[in-house]
Asker: 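Quick one: the structure is below, questions incoming.
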2 protein chains.
Amino acid sequence: MVRMSAEERRESVIRAAVTEFARTGYKGTSTEAIARRVGVSQPYLFRLFPTKEAIFLAAAHRCLEETGKVFAKAVECAPPRGVLQAMAAAYDHLITEDPEKLQMQMQIYVAVASAEAAGDHEFGRTIRAAWLELWDGAHLALGGDVKETTRFLAKGMLINTLMSLGFPPDHRVWSGF
Amino acid sequence: MVRMSAEERRESVIRAAVTEFARTGYKGTSTEAIARRVGVSQPYLFRLFPTKEAIFLAAAHRCLEETGKVFAKAVECAPPRGVLQAMAAAYDHLITEDPEKLQMQMQIYVAVASAEAAGDHEFGRTIRAAWLELWDGAHLALGGDVKETTRFLAKGMLINTLMSLGFPPDHRVWSGF
DNA sequence: GCAGTAAGTTATTGGTCACTTACTTTGTTG
DNA sequence: CAACAAAGTAAGTGACCAATAACTTACTGC
């Protein structure tokens, strides 16, 4: 048995949580499933995080943060004229290498909506702030062009949708990209 | 107490199910909540539908079908040159008048992903077929222009996302539309 | 008006799940 | 090496939930 510091364990819990929540959503994921993936007993999760919701929030935040980093890095390494292409390529990379992150994003969106409908506005506020950083990052990278930012993110969201629905890569719904 | 035919009850169950599932998702919605909204006892749902999943499937199908009809009607009444604007206006109408339907669509997407991850491919197949009708409808209305179809649906998906996240209408993320 | 059928209910059951309590194990330090 | 803290577990608890079983109520045709 490998023993870790609480901080390291929290880190692996977050990673496991992203995977599990991405696949089965907030309500559909049991803390048991997360614990199993971490390789730790289920009650121990509640010493590392106060509630299941806190785990989800941490996972959600991490996911948006890392997605932002992927774009930031793509932009950084791109020639000034090829920013849009670089970001599109980054999205492509996410689809093939890290579909988990895109799935998690979808789960975040509906989780916020549910929380909002249930009267919990704090959760939504946190997520909106994190998402805005994504938006602002794209906006800045695209030279402050709002229309282009919207177009870019819109395409991303359609990609998320088609991914969720499980359309195979050679399907005609993908042909307009 | 109002008595209805089974067919009429099924109809009201579907409507209630769309509302409830839209708000709290598949796992987050109890059959009890649906029954309460219909005004009927919870076990009676299982005389009208075999399982909870069947209720969700019926609600999902209905939602996609009606969304398709909204677009079809908008296209029908539009001048030949103004099809795109008419469809955009139809989306606008959905946002303000029927956000429930957009929320339900998000719930459908993640539900398909979860089913797919759990090894159930039948559910996804059904939903993909229904969604393809939406795609083909837009594609046909836009004169077979694949790029434009993609752009249109992409914007729609970003709208769904921003709605789910609960960004107020005057927020800058809406300014690029 | 009564027999049959379709609409609807109450009570229950087996299972799952977030979270708690109380305990054990392992590393560290004076 | 002893004592203390930090990592971790086993065994529950109460709440909720999909689905079933068994029963009751109202309409309808003869």
Side-chain angles (χ1 to χ4, degrees), chain A residues 1-60 107 111 114-115 117-120 122-123, chain B residues 1-60 107 111 114-115 117-120 122-123:
Chain A
M1 166 141 358
V2 188
R3 235 153 134 116
M4 291 184 189
S5 76
E7 216 37 70
E8 287 172 311
R9 273 295 185 218
R10 247 185 287 268
E11 176 58 31
S12 30
V13 167
I14 290 175
R15 272 210 289 272
V18 168
T19 300
E20 292 294 332
F21 283 131
R23 287 187 193 171
T24 43
Y26 179 66
K27 288 276 184 179
T29 300
S30 66
T31 55
E32 173 64 38
I34 298 171
R36 203 164 35 234
R37 179 169 293 273
V38 176
V40 93
S41 71
Q42 178 261 351
Y44 190 51
L45 294 188
F46 291 88
R47 190 146 322 174
L48 301 173
F49 293 89
T51 59
K52 181 187 179 183
E53 198 183 313
I55 301 178
F56 185 82
L57 191 57
Q107 301 289 2
S114 293
D120 175 7
E122 193 47 39
F123 181 59
Chain B
M1 167 153 346
V2 188
R3 238 157 133 114
M4 290 184 190
S5 75
E7 217 35 70
E8 286 172 312
R9 272 296 185 218
R10 248 184 287 268
E11 176 59 31
S12 31
V13 168
I14 290 174
R15 272 209 289 271
V18 168
T19 300
E20 292 295 331
F21 282 130
R23 288 188 193 171
T24 44
Y26 178 66
K27 288 275 184 179
T29 300
S30 65
T31 55
E32 174 65 37
I34 298 171
R36 201 163 37 233
R37 180 168 292 273
V38 176
V40 94
S41 71
Q42 177 260 348
Y44 189 51
L45 295 187
F46 291 88
R47 191 148 318 176
L48 301 173
F49 295 88
T51 60
K52 182 187 178 183
E53 197 182 314
I55 301 177
F56 185 82
L57 191 57
Q107 301 289 1
S114 293
D120 175 7
E122 192 48 38
F123 180 60

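By convention in this document, chain letters (A, B, ...) are assigned in the order of the sequence lines, proteins followed by strands, and residues within each chain are numbered from 1.
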Asker: Side chain of A/P43 only, please: which of C/dT20, D/dG8, D/dA7 is the nearest?
Answerer: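 Shortest atom-to-atom distance from the side chain points to C/dT20.
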
Asker: Can you measure A/E53 atom CD to C/dC17 atom P for me and round it to whole angstrom units?
Answerer: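 Going from CD in A/E53 over to P in C/dC17 covers 18 Å.
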
Asker: Over how many whole Å does the gap from B/L48 atom CG to C/dA6 atom C1' extend?
Answerer: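 Value for this atom pair: 11 Å.
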
Asker: Any side-chain to backbone donor/acceptor pair from A/K52 onto A/T29? Under 3.5 Å, distance only.
Answerer: yes

Asker: Taking atom C1' of C/dA18 as reference, at what distance in whole Å does atom CZ of A/F21 sit?
Answerer: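 Going from CZ in A/F21 over to C1' in C/dA18 covers 11 Å.
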
Asker: Rounded to whole angstrom units, what separation is found between the CZ atom of B/R36 and the C1' atom of C/dT9?
Answerer: 17 Å

Asker: Please determine whether any donor N or O and acceptor N or O are separated by less than 3.5 Å between the side chain of A/Q42 and the base of C/dC19.
Answerer: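 Yes, the side chain and the base share a sub-3.5 Å donor-acceptor pair.
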
Asker: Does A/Y44 put a side-chain nitrogen or oxygen below 4.0 Å from OP1 or OP2 of D/dT9?
Answerer: no

Asker: Starting from P on C/dT20, measure out to NZ on A/K52 and report it in whole angstrom.
Answerer: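 Atom-to-atom, A/K52 to C/dT20, this comes out as 15 Å.
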
Asker: Ignoring hydrogens and angles, are the base of C/dG8 and the side chain of B/R9 linked by a donor-acceptor pair under 3.5 Å?
Answerer: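 Flag unset: no donor-acceptor pair detected.
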
Asker: A/T31 side chain: which of C/dA18, C/dA7, C/dG8 is closest?
Answerer: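 That would be C/dA18.
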
Asker: May I have the distance from A/I34 (atom CD1) to C/dC19 (atom C1'), rounded to whole angstrom?
Answerer: 14 Å

Asker: Can you tell me the distance, in whole Å, between the NZ atom of A/K27 and the P atom of D/dA18?
Answerer: 11 Å

Asker: For A/F123 and A/F56, take the angle between the two ring planes, folded into 0 to 90°, and tell me which bin it lands in: parallel under 30, tilted 30 to 60, perpendicular over 60.
Answerer: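 It falls in the tilted class, 30° to 60°.
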
Asker: Return no unless some side-chain N or O of A/R3 is found under 4.0 Å from OP1 or OP2 of D/dG8.
Answerer: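 Indeed not, no polar side-chain atom of A/R3 lies that close.
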
Asker: Closest-nucleotide mapping onto DNA chain C: is A/P50 or A/G28 further toward the 5' terminus? I mean the 5' end.
Answerer: A/G28

Asker: Backbone N or O of B/A111 within a donor-acceptor pair of the B/S114 side chain at under 3.5 Å?
Answerer: no

Asker: Please tell me if the side chains of A/I34 and A/F21 come closer than 4.5 Å, counting only heavy atoms from C-beta onward.
Answerer: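 Yes; the side chains approach each other to less than 4.5 Å.
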
Asker: Determine yes or no for a side-chain-to-main-chain donor-acceptor pair under 3.5 angstrom, with B/E32 supplying the side chain and B/Q42 the backbone.
Answerer: no

Asker: Please state how far atom CZ in B/R10 lies from atom P in C/dG8, giving the value in whole angstrom units.
Answerer: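 Interatomic distance, CZ of B/R10 to P of C/dG8: 11 Å.
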
Asker: Would you mind classifying the nucleic acid contact of A/S30 as base, sugar-phosphate or nothing, using non-hydrogen atoms under 4.0 angstrom?
Answerer: sugar-phosphate

